[in-house]
**Q** 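Please find one structure pasted underneath; my questions will follow.
So that the names make sense, note that chain A is the first sequence line, chain B the second, and so on, each numbered from 1.
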Amino acid sequence: MLDFFLPVIQNALHSAGVTTEKPIRIEQPSDKKFGDFSTNIAMLVAKECRRNPRELAQEIIPHLVFPPDTVAKIEVAGGGFINFYLSPLFIMRSVEQVLLDGDHYGKGGAGKGKKAVVEYVSANPTGPLTIGRGRGGVLGDCIANLLEAQGYEVTREYYFNDAGRQMQILGESVRLRYLECCGQNIEFPATHYQGEYIREIAEQMYAEHLATLEESSELDSFKKSAENIIFSSIRQTLERLDIRHDSFFNEHTLYTPDNKGVSANQRVIDALSSKEFIAAYDGAVWFLTTRLGQEKDKVLIKSSGEPSYRLPDIAYHITKFERGFDLMVNVFGADHIDEYPDVIEALKILGYDTERIKIAINQFVTTTVDGQTLKMSTRKGNADLLDDLIDDVGPDATRLFFIMRGKDSHLNFDVELAKKQSKENPVFYLQYAHARICSLLRIALEETGFDPSSCTETRLLTLLNSPAEVQLGFALLDYPDMIKTSLRLLEPQKMVEYLHSLAELFHRFYQECPILKAKSDICKARLFLSVATRQVLRNGFRILGVSAPESM
RNA sequence: GUGCCCGUAGCUCAAUGGAUAGAGCAUCAGCCUUCUAAGCUGAGGGUUACUGGUUCGAGUCCAGUCGGGCGCACCA
């Protein structure tokens, strides 16, 4: 719809003799009485033209030439807004496009021919997924869906490390629990993984091997078993939320030498070194970020000889460039906020186009149980496990609740609310609208034989002109722009809000306009409007990863 | 101490620099002989934490103050 207005306004400014560098902005006024669309361009340019903005707006209006029967009224309001009112006929005629495009309605071509990678979850296999990871997982998955809707070829990637110190500790933790199973009395260190799942893995190993591993001091079998079991549990949890990655990138591959005997990590050191951003002192190898105005240099290779996480991180991002991605989205939690600036700086120094990298950081999650707020990070035991939350409220509520707040807001997950099978629960409000339409169409088929797939009289939509009908139709036309906005902001929350308002408009239409009891043509027209609404709800639900129940 | 995020109705949250700051929940008042009342209509509720600044115009941008969260390792 925005594409519809922009050229007309550009032409009008040109033929009215107004020249400006300022971008033309078209917005939807919050209040319908200010029109369906509005532009503030007259106010923006008034100053540089030394003109009264209202007068200028009046002069521009005669130059605004729209196709016939599209814009019903144009007027100047407020301090110089130009407000546009679409004709109901135009709106309802446009709704036909929803029916024609079906599952593809709303998709755009902005990413056509482009490759994108979305990196999300990326938890190391040291334990089951927590609720906090869940938020990032759903956010990343929705962003990937949005990219696909814009035509990008999307790779969903999970970056992990199964070699570092944390995995070492994991292996030891399992071994100690295993020794307990063998009957030894162990003092379990506080630095090790305390979770009950460690004990379960140890018990499983004991069941397989009995005490045969008791004398051996090697950790590998403990590490490997733990990794396998934990990784498969992570993937199972993600699958419950319909999150599936295409690619699991093991950090360790960045350590292994290529056929010239040089690892990806080493290539980063060499490249940065040739730019004079590397120095060795205090037994370590440093990235000279003080040269960029930072307070301290950052360690790339520890005095132990092992790389710190920063080095493979840089090398990893280089692989994304080498793999030809046009767009790289990283999703992670607020605790990793300091992780990316150094990586970006290093990539810039090495000449990579860092504009292609987008970062989506989500704030933390707290849960409210029985009206009491619990902070996840301080919580021990099971309550912060993502699996338990899914058990409790189901996958649809889990997904929707994670994205119904802006990613920059701390999320307060009200478990009681998410469980409620009632109107207080926003999940049900949305899904109910869909189920209600399905039910309506079932009855329509039975009673009148109306079948949207075979009925071709979509032109009848133009018979509809009551406010409830036109507003619903207008909202349906908004959907493609909503996808673009959500993607630009990396904020699926916008989609949730949009779908909520769409559901609300449908309920109002349903309430005010009798459908099956209307005379034949009107009845068909209203059924088509309902079908179009169901289509947009479905398409939107698919992007959010929420199911579209046919009955409730 | 310092970097990032946040502070908006009783609660949870919206508001690409725009017009009278909006939803949901909760509260109150209405609407089912009629296609799902898991719905709809209406009412009340605000010094947008505070103080300055920028401009035609600030919840939004800038500076400072206060409050909350997350980081600030040769952990990832």
**Q** Heavy-atom nearest nucleotide on RNA chain B for Ile82(A) versus Phe509(A): which residue maps closer to 5'?
**A**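 Taking each residue's closest nucleotide, the earlier one in sequence belongs to Ile82(A).
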
**Q** Give every residue pair that meets the salt bridge (Lys or Arg N to Asp or Glu O under 4.0 Å) criterion with at least one member in residues 45-60 of chain A, sequence neighbours excluded.
**A**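 Checked against salt bridge (Lys or Arg N to Asp or Glu O under 4.0 Å) - neighbours excluded - the pairs reaching residues 45-60 of chain A are Lys22(A)-Glu48(A), Arg51(A)-Glu59(A).
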
**Q** Of all the nucleotides listed (C35(B), A19(B), C40(B)), which has the minimum atom distance to the side chain of Tyr429(A)?
**A**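 It is C40(B).
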
**Q** Enumerate the side-chain hydrogen bond (donor to acceptor under 3.5 Å, both in side chains) contacts for residues 283-301 of chain A, please, sequence neighbours excluded, ordered by first and then second residue.
**A**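 Non-adjacent pairs meeting side-chain hydrogen bond (donor to acceptor under 3.5 Å, both in side chains): Tyr281(A)-Asp297(A), Thr290(A)-Asp297(A), Gln294(A)-Lys298(A), Gln294(A)-Asp342(A), Lys298(A)-Asp342(A).
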
**Q** For a quick check of understanding: with a heavy-atom distance under 4.0 Å over all strands, which category does Ala433(A) fall into, base, sugar-phosphate or nothing?
**A**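 It contacts nothing in the nucleic acid.
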
**Q** What nucleotide, of C74(B), G68(B), A37(B), holds the atom closest to the side chain of His410(A)?
**A**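 Among C74(B), G68(B), A37(B), the one nearest the side chain of His410(A) is G68(B).
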
**Q** Sequence neighbours excluded, which residues qualify as salt bridge (charged side-chain N to carboxylate O under 4.0 Å, His left out) partners of Asp481(A)?
**A**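 Asp481(A) satisfies salt bridge (charged side-chain N to carboxylate O under 4.0 Å, His left out) with no other residue.
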
**Q** When you look at Arg25(A) and Glu27(A), which way does the salt bridge (Lys or Arg N to Asp or Glu O under 4.0 Å) test go after all the steps?
**A** CA-CA 6 Å; Arg25(A) 293 245 294 270; Glu27(A) 62 180 36; 5.6 Å; no

**Q** Would you list the pairs meeting ring-ring contact (aromatic ring centres under 6.0 Å, His included) in which at least one residue belongs to residues 23-44 of chain A, sequence neighbours left out?
**A**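 Checked against ring-ring contact (aromatic ring centres under 6.0 Å, His included) - neighbours excluded - the pairs reaching residues 23-44 of chain A are Phe5(A)-Phe37(A), Phe37(A)-Phe474(A).
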
**Q** Defining pairs by Watson-Crick or G-U wobble geometry with both distances under 3.5 Å, how would you list the stems of RNA chain B with at least three pairs each?
**A**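 Runs of three or more consecutive pairs: B:1-7 with B:66-72, B:10-13 with B:22-25, B:27-31 with B:39-43, B:49-53 with B:61-65.
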
**Q** Atom CG of Asp335(A) to atom C1' of A73(B): distance rounded to whole Å?
**A**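 My rounded result for the distance is 15 Å.
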
**Q** 5'-most contact on RNA chain B: Phe81(A) or Val299(A), nearest heavy atom basis?
**A**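 Looking at RNA chain B, the more 5' nearest nucleotide goes with Phe81(A).
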
**Q** Grab the N/O contacts between the protein and nucleotides 23-30 of chain B below 3.5 Å, and write none if there aren't any.
**A**
from   : atom 1 : to        : atom 2 : distance (Å)
G24(B) : OP1    : Glu504(A) : OE2    : 3.2

**Q** Need one value for Ser501(A): base, sugar-phosphate or nothing, where a base atom within 4.0 Å counts as base even if backbone is also close, heavy atoms only.
**A**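 Answer is nothing: Ser501(A) stays at 4.0 Å or more from every strand.
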
**Q** Using the P atom in both, what is the distance from U8(B) to U12(B), to the nearest Å?
**A**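 Approximately 8 Å lies between the P atom of U8(B) and that of U12(B).
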
**Q** Need one value for Asp481(A): base, sugar-phosphate or nothing, where a base atom within 4.0 Å counts as base even if backbone is also close, heavy atoms only.
**A**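 No contact at all - Asp481(A) keeps every heavy atom at 4.0 Å or more from the nucleic acid.
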
**Q** With sugar-phosphate meaning primed atoms plus P, OP1 and OP2, does Glu306(A) contact a base, only sugar-phosphate, or nothing at under 4.0 Å between heavy atoms?
**A**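 No contact.
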
**Q** List the residues meeting salt bridge (charged side-chain N to carboxylate O under 4.0 Å, His left out) with Asp31(A), not counting sequence neighbours, and say none if there are none.
**A**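 Partners of Asp31(A) under the salt bridge (charged side-chain N to carboxylate O under 4.0 Å, His left out) test: none.
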
**Q** Given the P atoms of C4(B) and A63(B), what is the spacing between them in whole Å?
**A**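 Going atom to atom, P in each nucleotide, I get 10 Å.
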
**Q** Mind checking if Ile515(A) touches a base, just sugar-phosphate, or nothing, with heavy atoms under 4.0 Å?
**A**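 The residue Ile515(A) makes base contact.
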
**Q** Check every atom of A76(B), G68(B), U34(B) against the side chain of Lys517(A) and return the nucleotide holding the closest atom.
**A**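 The nucleotide sitting nearest to the side chain is U34(B).
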
**Q** Taking atom P of C6(B) as reference, at what distance in whole Å does atom CG of Leu411(A) sit?
**A**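 Spelled out: CG on Leu411(A) to P on C6(B) is 15 Å.
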
**Q** Nearest to the side chain of His507(A), which nucleotide is it out of G71(B), A37(B), C40(B)?
**A**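 So the nucleotide nearest the side chain must be C40(B).
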
**Q** Can you check the Gln511(A) CD to G39(B) P distance for me, whole Å?
**A**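 Nearest whole value for this atom pair: 11 Å.
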
**Q** I'd like the P distance from A49(B) over to G24(B), given in whole Å.
**A**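 Going atom to atom, P in each nucleotide, I get 22 Å.
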
**Q** Check every strand shown and say whether Cys513(A) touches a base, only sugar-phosphate, or nothing at a heavy-atom separation below 4.0 Å.
**A**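 Base: the residue Cys513(A), judged by heavy atoms under 4.0 Å, touches a nucleobase.
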
**Q** What's the separation between atom CD1 in Ile357(A) and atom NZ in Lys320(A), rounded to the nearest 0.5 Å?
**A**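 Going from the CD1 atom of Ile357(A) to the NZ atom of Lys320(A) covers 7.5 Å.
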
**Q** Could you check C11(B) for me: syn (within 90° of 0) or anti?
**A**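 Anti.
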
**Q** Compare the minimum distances between each of A38(B), G71(B), G69(B) and the side chain of Asp338(A), then state the nucleotide with the smallest one.
**A**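 For the Asp338(A) side chain, the nearest candidate turns out to be G71(B).
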
**Q** Taking CD from Glu491(A) and C1' from C13(B), how many angstroms apart are they, rounded to a whole number?
**A**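 These atoms are roughly 12 Å apart.
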
**Q** Could you note down all residue pairs passing side-chain hydrogen bond (donor to acceptor under 3.5 Å, both in side chains) where residues 518-535 of chain A supplies at least one of them, sequence neighbours left out?
**A**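 For residues 518-535 of chain A: Asp103(A)-Gln535(A), Glu457(A)-Lys524(A), Glu469(A)-Arg526(A), Gln535(A)-Asn539(A).
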
**Q** Could you state the interatomic distance from CG (Leu476(A)) to CD (Gln471(A)), rounded to the nearest 0.5 Å?
**A**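 Result: 12.0 Å between the selected atoms.
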
**Q** Expressed as a whole number of Å, how far does the C1' atom of A23(B) sit from that of A9(B)?
**A**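 Comparing C1' positions in A23(B) and A9(B) gives a spacing of 11 Å.
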
**Q** Can you check the Ile361(A) CD1 to C70(B) C1' distance for me, whole Å?
**A**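 Ile361(A) atom CD1 is separated from C70(B) atom C1' by 10 Å.
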
**Q** Hey, would you say the Phe231(A) and Tyr158(A) ring centroids sit under 6.0 Å apart?
**A**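 Close enough - the centres of the two rings lie under 6.0 Å apart.
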
**Q** Measuring only the C1' atom in each nucleotide, how far is C61(B) from U2(B)? A whole number of Å is fine.
**A**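 After rounding to an integer number of Å, I get 23 Å for this pair.
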
**Q** How is Ala444(A) classified with respect to the nucleic acid when contacts are heavy atoms under 4.0 Å: base, sugar-phosphate, or nothing?
**A**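 Here Ala444(A) touches no strand at all.
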
**Q** Return the nearest nucleotide to the side chain of Asn161(A); candidates are C40(B), U34(B), A76(B).
**A**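 Looking only at side-chain atoms, Asn161(A) lies closest to A76(B).
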
**Q** Name all residues meeting the ring pair (Phe, Tyr, Trp, His ring centres under 6.0 Å) criterion together with Tyr197(A); count only those two or more places apart in sequence or in a different chain, and write none if there are none.
**A**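 For Tyr197(A), no residue satisfies ring pair (Phe, Tyr, Trp, His ring centres under 6.0 Å) once neighbours in sequence are set aside.
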
**Q** Do any N or O atoms of the protein come closer than 3.5 Å to N or O atoms of nucleotides 14-16 of chain B, and which pairs are they?
**A**
from   : atom 1 : to        : atom 2 : distance (Å)
A14(B) : OP1    : Gly406(A) : N      : 2.9
A14(B) : OP1    : Ser409(A) : OG     : 2.9
A14(B) : OP2    : Ser409(A) : OG     : 3.4
A14(B) : O5'    : Gln493(A) : NE2    : 3.2
A14(B) : O2'    : Glu497(A) : OE1    : 2.9
A14(B) : O2'    : Glu497(A) : OE2    : 2.7
A15(B) : OP1    : Lys494(A) : NZ     : 2.3
U16(B) : O2     : Arg25(A)  : NE     : 3.1
U16(B) : N3     : Arg25(A)  : NE     : 2.8
U16(B) : O4     : Glu27(A)  : OE1    : 2.8

**Q** Could you tell me how far C25(B) sits from G45(B) if I compare only their C1' atoms? Round to whole Å.
**A**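 The answer is 14 Å between these two C1' atoms.
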
**Q** List, with names and distances, any nitrogen or oxygen atoms from the protein found under 3.5 Å away from nitrogen or oxygen atoms belonging to nucleotides 56-58 of chain B.
**A**
from   : atom 1 : to       : atom 2 : distance (Å)
C56(B) : OP1    : Lys47(A) : NZ     : 2.5
C56(B) : OP2    : Lys47(A) : NZ     : 2.9

**Q** So Asp414(A), base contact, sugar-phosphate only, or nothing? Heavy-atom distance under 4.0 Å.
**A**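 No contact.
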
**Q** Determine the Euclidean distance between corresponding P atoms of G59(B) and G52(B); express it in Å to zero decimal places.
**A**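 Per the computed distance, 14 Å lies between those P atoms.
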
**Q** Between Phe450(A) and Phe528(A), what is the ring plane arrangement, given parallel below 30°, perpendicular above 60°, and tilted in between?
**A**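 Correct class here is perpendicular.
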
**Q** Please measure how far the C1' atom in C28(B) lies from the corresponding atom in C62(B), and state the result in whole Å.
**A**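 Roughly 44 Å separates the two C1' atoms.
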
**Q** Could you tabulate the donor-acceptor pairs under 3.5 Å formed by side-chain atoms of residues 499-518 of chain A, not counting sequence neighbours?
**A**
from      : atom 1 : to        : atom 2 : distance (Å)
Ser501(A) : OG     : Tyr498(A) : O      : 2.8
His507(A) : ND1    : Arg436(A) : NH1    : 3.0

